[in-house]
Amino acid sequence: MTALSLADLQAGYDPDLPIVKGVSFTVKKGEAVCILGPNGAGKSTMIKAVAGLVRSFGGQVHLGGRDVTGLASHVLVRNGMGFVPQTENIFTRLSITENLQIAAQLLPRQDRAGRIEAMLDMFPDLGSRPRELAGALSGGQRQMLAAARALLTEPQVLMLDEPSAGLSPKLVAQVFDTLRRISQTGVTLILVEQNVRAALALTDRALVLVDGKLAHDGPTDALHDGKFLGELFLGNRADEAIR
Amino acid sequence: MNPQAIIDGLISGSTIGLGAIGLTLTYSILRFANFTHGDFLAWGAYLTLTVAGVLGGLAAGLGAPVYPFSFGWGLPLAMFGGVVLTVALTLGLDRILFGRLRARGADAIIVVMASFGASMALRSLLEFIFTAKPAYFTKALQIAKPLGLGMRATPDQLLMIGLTALLVLALHLLVTRSATGRAMRAVSENPGLAGVYGVDVDKVIRVTWIIGASMACIAGVMAGLLVQIRPYMGFDLLLPLFSAAILGGIGSIPGAMLGGLIIGLAEAFAVQIVGAEWRAAISFIILVLVLMLRPQGLFGQREA
Ligand SMILES: Nc1ncnc2c1ncn2[C@@H]1O[C@H](COP(=O)(O)OP(=O)(O)OP(=O)(O)O)[C@@H](O)[C@H]1O
Ligand SMILES: [Mg+2]
């Protein structure tokens, strides 16, 4: 079963300057995939295009077998997609509870309060002060709220853009722990990460994006050899990596 | 100094505040300064007048004043029709103009210019259809009743203040307590993220127009009842509306109302103290002072 597939997707902020230059891949249901690549490669742009936040200029996106190319984000979310952007991923002027309540609106009325409670229990840092403005949270706590919000609706496909960015090692371990548990429940996971080792340990398969194109697509085991990745991440050897 | 200025200020402030609510909501949720908003007040008044005429033709008794007010049951009924038509006007304008610019990702300044053009077109259309001659909801005269402390007000005026307080309270509760209000606040902070949270942003935009247009129509009817109905009545209120919205803090409904009352009171006192010819300058002075001293307004939030 295919959870998500991209076919020759082209996207960016200006049609004359595509950032994502024709990317194709298919993610199976329940698979955990990480997307790696140097800064500026277009990872965030690609995942935002999938989530309906950046306009695509060509190609298609299928979610659970349905063509969702060009659909608005809220339609995708209602079709089982969860997305946590890299930055600006919570509403700072709303309280923690209000952030969760907005997402919970997609659930049947009788399930809402219970799911919000479950999320507040899962992240005690949030649960200890639900009425506080989300803007008062620390960087790590914001990531927790962003993740809690996305998990609340139990999406089939969960995409996270650098959920561990700026977190302390302890919190990174906690985030990856949570993600592992989520992945084990059968949720399809797509993770953009700079934290390569942790990402590789969590996922079955790695995609490497360099300059808007896929430079590698294969099982994570093959990438544990540090040399290849080192070259990719230094950026200067990226051309060779494509070959 | 005559305490009557307090009543005069509260009454014109109510109109300004109600009008400023729509302005502050479109500003925070659609992210542009809508110069058409003043004309929505004028259109609301004329559309209500038209519906009242039709109703009066159907049942003459509706026009007979109901004691102690200067108007009959026909006017509230007509205002309901006026609200529906004003909402239709703004939703239509969003569909053919603002919505298209939004879909194209047009810069805010382009949208503001478009609203300026639409404002002129709407005003000319009113003049063309109804002529520039003032019109009136009622010809009945009302005696102002003493309230004590040297203040007087007509029953119409007291009703307007009461209605305004009720509407502001209801809207404030809607925005702060309901799911719709939460979605509106989310869209005003970050429309893209709101979509990712599952919010239908287009629906929130429609709700924003519906609230703004309804309040504009009611404000227009109140202004028409207090003074007279003219094609330029809304345009002349534009500066006070913007001042009130900015003074209250963009996006804040109680702020818009309080801003409206402050401007109304300041105008009324200025008329007494320095003379009627200074009335129009008051909004401008307040606007400039707020922008220089406290640009986020009374209840506005700074960018987080
Ligand atoms: N909002 C934007 N408008 C215009 N260009 C943008 C915008 N956001 C990103 N870009 C450009 O798109 C390119 C890819 O950026 P993107 O954020 O997708 O990279 P990334 O792979 O996620 O990098 P990082 O690892 O640093 O997060 C960059 O050249 C960037 O300058
Ligand atoms: Mg990125």
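All heavy atoms count here, side chains included; hydrogens, waters and symmetry mates do not.
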**Q** Does CZ belonging to Phe284(B) count more than 12 external heavy atoms closer than 6.0 Å?
**A**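 No.
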
**Q** Which residues in residues 96-109 of chain A have a heavy atom less than 4.5 Å from any heavy atom of chain B?
**A**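 Glu98(A), Asn99(A), Gln101(A), Ile102(A), Ala103(A), Gln105(A), Leu106(A), listed by number.
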
**Q** Say you draw a straight line from SG of Cys217(B) to CE of Met79(B); how long is it, rounded to the nearest 0.5 Å?
**A**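 Reported value, rounded in 0.5 Å steps: 7.0 Å.
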
**Q** Give a yes or no on whether the ring-centroid distance for Phe235(B) and Phe35(B) is below 6.0 angstrom.
**A**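 Aromatic pair excluded; centres sit 6.0 Å or further apart.
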
**Q** Examine the side chains of Ser44(A) and Asp161(A) and answer whether a donor and an acceptor come within less than 3.5 Å of each other.
**A**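 Yes.
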
**Q** Is it the case that over 12 heavy atoms from other parts of the model lie below 6.0 angstrom from the CD atom of Glu132(A)?
**A**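 Above 12, so yes.
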
**Q** Identify, with sequence neighbours excluded, every residue that meets side chain to side chain contact (heavy atoms under 4.5 Å, CB included) alongside Thr180(B).
**A**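 Side chain to side chain contact (heavy atoms under 4.5 Å, CB included) list for Thr180(B), sorted by chain: Ser178(B), Met184(B), Val207(B).
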
**Q** Taking NZ, NE, NH1 and NH2 as the nitrogens, is one of them in Asp94(B) or Arg102(B) under 4.0 Å from a carboxylate oxygen of the other?
**A**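 Here Asp94(B) pairs with Arg102(B) in a salt bridge, since their nearest N and O are under 4.0 Å apart.
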
**Q** Run Thr26(B) and Asn34(B) through side chain to side chain donor-acceptor pair (under 3.5 Å) and show every step you take.
**A** CA-CA 7 Å; Thr26(B) 36; Asn34(B) 182 16; 4.7 Å; no

**Q** In terms of heavy-atom pairs under 4.5 Å with chain A, which of Val196(B), Asn190(B), Asp202(B) leads?
**A**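 Most pairs with chain A among the choices: Val196(B).
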
**Q** Just by distance, do the side chain of Arg93(A) and the backbone of Arg185(B) share a donor-acceptor pair under 3.5 Å?
**A**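 Not at all, since once roles are kept as given, no pair shorter than 3.5 Å links the two residues.
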
**Q** Of all the residues in residues 137-153 of chain A, which have a heavy atom that comes within less than 4.5 Å of a heavy atom in chain B?
**A**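 Against chain B, the residues of residues 137-153 of chain A that fall inside the cut-off (heavy atoms, under 4.5 Å) are Arg149(A).
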
**Q** So does Arg78(A) have more than 12 non-hydrogen atoms from other groups sitting under 6.0 Å from CZ?
**A**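 Buried by this count: over 12 neighbours within 6.0 Å.
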
**Q** Just so I understand: if I count every heavy-atom pair under 4.5 Å between each of Val84(A), Ile90(A), Leu76(A) and chain B, which residue has the most?
**A**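 The residue among Val84(A), Ile90(A), Leu76(A) with the greatest pair count is Ile90(A).
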
**Q** Considering heavy atoms only, which positions within residues 175-183 of chain A lie below 4.5 Å of chain B?
**A**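 When heavy atoms of chain B are the reference, residues 175-183 of chain A contributes no residue within the under-4.5 Å range.
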
**Q** Measuring from Leu171(B):CG to Ile21(B):CD1, what's the distance to the nearest 0.5 Å?
**A**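 Between atom CG of Leu171(B) and atom CD1 of Ile21(B) there are 5.5 Å.
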
**Q** Answer yes or no: are there more than 12 heavy-atom neighbours, outside Arg100(B) itself, under 6.0 Å from its atom CZ?
**A**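 Incorrect, the count does not exceed 12.
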
**Q** With distance as the sole test, does His62(A) use its side chain to make a donor-acceptor pair with the main-chain N or O of Leu6(A) at under 3.5 Å?
**A**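 Pair absent, no side-chain N/O of His62(A) close to backbone of Leu6(A).
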
**Q** Would you compute the distance between atom CD1 of Ile246(B) and atom CG of Leu291(B) and round it to the nearest 0.5 angstrom?
**A**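 So the CD1 of Ile246(B) and the CG of Leu291(B) are separated by 5.5 Å.
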
